[in-house]
Amino acid sequence: MAFYERVGNLHIHTSDSDGHATHAEVAAHAARAGLDLVVVTDHNAFAGERQGWYGDVLLLVGEELHDPEDPHHNHLLALGIGRDLAAAEADPQARIDAVRAEGGLAYLAHPVEHSGARAGEPEIDWVRWDAGGYAGLEVWNYMSEFKAHLANWPVTLLAVYWPELVIRGPHAETLALWDRLLAEGALVYGIAGSDAHGQTYTLGPLRRQVLPYEYLFRAANTHFLVEEVWSGDAARDAVLVWDALRLGRAYLAYDRLAPARGFRFTAEHDAVEHPMGDVIEASGEVVLRIAAPARAYLRLVQNGFVVAEGVGTRLTYHTRAPGAYRAEAYRSYALRRRAWILSNPIVVHTRPSVPPPAERYLGKG
């Protein structure tokens, strides 16, 4: 099946909660950044009437849900919903259930957080791991990672003016959590979020907007593989976006390192090509392929373990082993290797009657 790639920025706050831009201004920033879509998720606020096309940018509206009595835990991104769910029962499981009942997708926002000594913000973690039924994790939250690096004043000032010098990628604990959930059989997909607020901070004579909207819209994005071209009807096009997320046909990309459009991670079995997000019932060999739009350090991860790696634009791996496979791509900036692209998984199930012969690995491309 042919897909149409759309680049979007998720987890955005406006002046309807604690952001500093209107919906129209967010769309204008997105247009200048070259995005196809944005998803506004204000805190316990849902302005569904503002959803629609703003020029060439599709603005979708979701909600970031949390208990007002416990604002520092268990934030939930509710996507693909049609009404305000802030009044739902505060228990995290009840909120997840409410999102699903509405036909939406629930993602755990910044599930693992670290706050540097100079960040001036609390760590907002997900702690209710007995809850289930969520669609996935916000694997990479740009603002969350940024504040983790603010350990002292020199580094903080450097980060405020040149954020790209401190940004490296998702927290290792978040990736490990994702891999563990996948290895245990939970089909959870990943998204990237900017957590954009557009706040201005003052330190003595210094006054600066930290991580402006347009900057963030050129940074950590989610790329969607949708099944049809845009129709121009916002409701119909929104379904294309939510369906892509629902099926895991999306990947996370740090577009500020290099444009990621064109990346693909596929699996071939019995002459059928499967996109990322698919679950394959395999009776023989599966061929996994990574194709990057630029030269990078490529890795294939199976249940949390690297099983193939190489430098180039292509990586191919033959296997009969079951597991959840993810693709990763890294590029260097300022003498440090940084995460560039993280795919959603392709899950391989094998039938017991198939013997597991030795795997073959075809390296660089």
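Sequence positions, counted from 1, serve as the residue numbers for this chain.
Other residues, nucleotides and ligands place no more than 12 heavy atoms under 6.0 Å from the CZ atom of R100. Counted within 6.0 Å of CG on D18, heavy atoms from surrounding residues, nucleotides or ligands total more than 12; the atom is thus considered enclosed. Around CZ of R208, the count of heavy atoms belonging to other residues, nucleotides or ligands within 6.0 Å exceeds 12.
Each of D42, D84, T41 was scored for a side-chain contact (heavy atoms from CB on, under 4.5 Å) with E63, with one residue passing: D84. Screening D36, N221, T222, D255 against N9 for a side chain to side chain donor-acceptor pair (under 3.5 Å) leaves a single residue, N221. For the pairing with S144, the side chain to side chain donor-acceptor pair (under 3.5 Å) check across H110, E123, E138, E113 returns one residue only, E113.
Using a 4.5 Å cut-off on side-chain heavy atoms (C-beta onward), V57 and F217 make no contact. In this structure, D243 and V226 have side chains that are not in contact, with every pair of non-hydrogen atoms separated by 4.5 Å or more. Looking at T22 and T14, their side chains never come closer than 4.5 Å, going by heavy atoms from C-beta outward. Counting heavy atoms from C-beta outward, P111 and W178 have side chains that stay 4.5 Å or more apart. Residues V188 and L108 form no side-chain contact, since every pair of their non-hydrogen atoms from C-beta on lies 4.5 Å or further apart. Here the side chains of D237 and W53 are in contact, with some heavy-atom distance below 4.5 Å. When side chains are defined from C-beta on, Y325 does not count as touching V286, because their heavy atoms never get closer than 4.5 Å. Residues L65 and V99 are in side-chain contact: their nearest non-hydrogen atoms beyond the backbone lie under 4.5 Å apart.
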In sequence, state the C-alpha distance, the side-chain angles, and the governing distance for Y189 and M276, and then conclude on side-chain contact (heavy atoms from CB on, under 4.5 Å).
CA-CA 10 Å; Y189 296 122; M276 62 189 84; over 6 Å; no
Carefully, step by step, assess Q199 and H20 under the rule side-chain hydrogen bond (donor to acceptor under 3.5 Å, both in side chains).
CA-CA 6 Å; Q199 291 173 301; H20 291 74; 5.2 Å; no
Could you give me the CA-CA distance, side-chain angles and deciding distance for E227 and R249, then say whether side-chain contact (heavy atoms from CB on, under 4.5 Å) is met?
CA-CA 10 Å; E227 295 184 358; R249 291 175 181 165; 2.8 Å; yes
Show the numbers, then the answer: is there a side-chain contact (heavy atoms from CB on, under 4.5 Å) between V39 and L77?
CA-CA 10 Å; V39 182; L77 295 178; over 6 Å; no
Before giving the answer on side-chain contact (heavy atoms from CB on, under 4.5 Å), spell out for W230 and Y4 the whole-Å C-alpha distance, their side-chain angles and the decisive distance to 0.1 Å.
CA-CA 9 Å; W230 290 139; Y4 303 89; over 6 Å; no
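Ring pair Y297/Y330 is tilted by interplanar angle, where 30° to 60° counts as tilted. Between Y251 and H223, the angle of the ring planes stays under 30°, which puts this pair in the parallel group of the 30/60° scheme. Between H13 and H43, the ring-plane angle classifies as parallel under the 30° and 60° cut-offs.
The minimum heavy-atom distance linking Q51 with A238 is given by the pair NE2-CB, 4.1 Å. Closest approach of G190 to L252, counting heavy atoms only: O-CD1, 3.5 Å. The shortest heavy-atom contact between G248 and N344 is O-CB, 3.3 Å. Residue A88 comes nearest to A98 through the heavy atom pair CB-CB, 4.0 Å, listed as atom of the first residue, atom of the second, then distance. Of all non-hydrogen atoms in V348 and A321, the two that sit nearest each other are CG1-O, 4.0 Å. When all heavy atoms of R95 and P68 are compared, the pair lying nearest together is NH2-CD, 4.3 Å.
A salt bridge does not link R128 with D70: none of the charged nitrogens is closer than 4.0 Å to a carboxylate oxygen. Under 4.0 Å is where a charged nitrogen must lie from a carboxylate oxygen, and between D179 and R326 at least one such pair does. For R289 and E273, the salt-bridge test fails: no basic side-chain N is under 4.0 Å from an acidic carboxylate O.
Hydrophobic clustering (side-chain heavy atoms under 4.5 Å, transitive across Ile, Leu, Val, Met, Phe, Trp, Tyr) groups Y215 together with V210. L58 and I12 fall into different hydrophobic clusters, where Ile, Leu, Val, Met, Phe, Trp and Tyr side chains are chained together by heavy-atom contacts under 4.5 Å. Under a hydrophobic-cluster definition in which Ile, Leu, Val, Met, Phe, Trp and Tyr are linked whenever side-chain heavy atoms come within less than 4.5 Å, directly or via other members, V112 and Y107 are assigned to different clusters. Hydrophobic cluster membership is shared by L315 and F265, with clusters built from Ile, Leu, Val, Met, Phe, Trp and Tyr side chains linked at under 4.5 angstrom. Hydrophobic clustering (side-chain heavy atoms under 4.5 Å, transitive across Ile, Leu, Val, Met, Phe, Trp, Tyr) groups V155 together with L165.
At distances below 3.5 Å, not a single donor-acceptor pair connects side-chain atoms of R218 with backbone N or O atoms of G34. A side-chain donor-acceptor contact under 3.5 Å links D91 to the backbone of Q93. With hydrogens and angles disregarded, no donor-acceptor distance shorter than 3.5 Å links the side chain of D16 to the backbone of F46. Not one N or O on the side chain of E102 forms a donor-acceptor pair closer than 3.5 Å with the backbone of I81. Listed for the W340 side chain is no donor-acceptor partner under 3.5 Å among the backbone atoms of R337. No side-chain donor-acceptor contact under 3.5 Å links E328 to the backbone of A339. Here the side chain of K147 pairs no donor or acceptor atom with the backbone of G120 at under 3.5 angstrom. A donor-acceptor pair is defined here as one N or O able to donate and one able to accept, closer than 3.5 Å; no such pair exists between the side chain of D278 and the backbone of I346. Under a 3.5 Å cut-off, the side chain of R338 and the backbone N or O of I167 do form a donor-acceptor pair. Between the D67 side chain and the E69 main chain, a donor and an acceptor come within less than 3.5 Å of each other.
To the nearest 0.5 Å, atom CG of residue L35 and atom CZ of residue R6 are 13.0 Å apart. How far CD of E25 is from OG of S15: 7.0 Å, rounded to the nearest 0.5 Å. Expressed to the nearest 0.5 Å, how far CD of Q209 lies from CG of L211 amounts to 9.0 Å. Interatomic distance, CZ of R50 versus CG of L59, reported as 10.0 Å (0.5 Å rounding). Rounded to the nearest 0.5 Å, atoms CG (L37) and CG (D56) are 12.5 Å apart. Rounded to the nearest 0.5 Å, atoms CZ (F146) and CG (D195) are 12.5 Å apart.
For W140, the ring pair (Phe, Tyr, Trp, His ring centres under 6.0 Å) partners at least two apart in sequence or on another chain are Y254. Residues meeting the ring pair (Phe, Tyr, Trp, His ring centres under 6.0 Å) test with W242, sequence neighbours left out: none.
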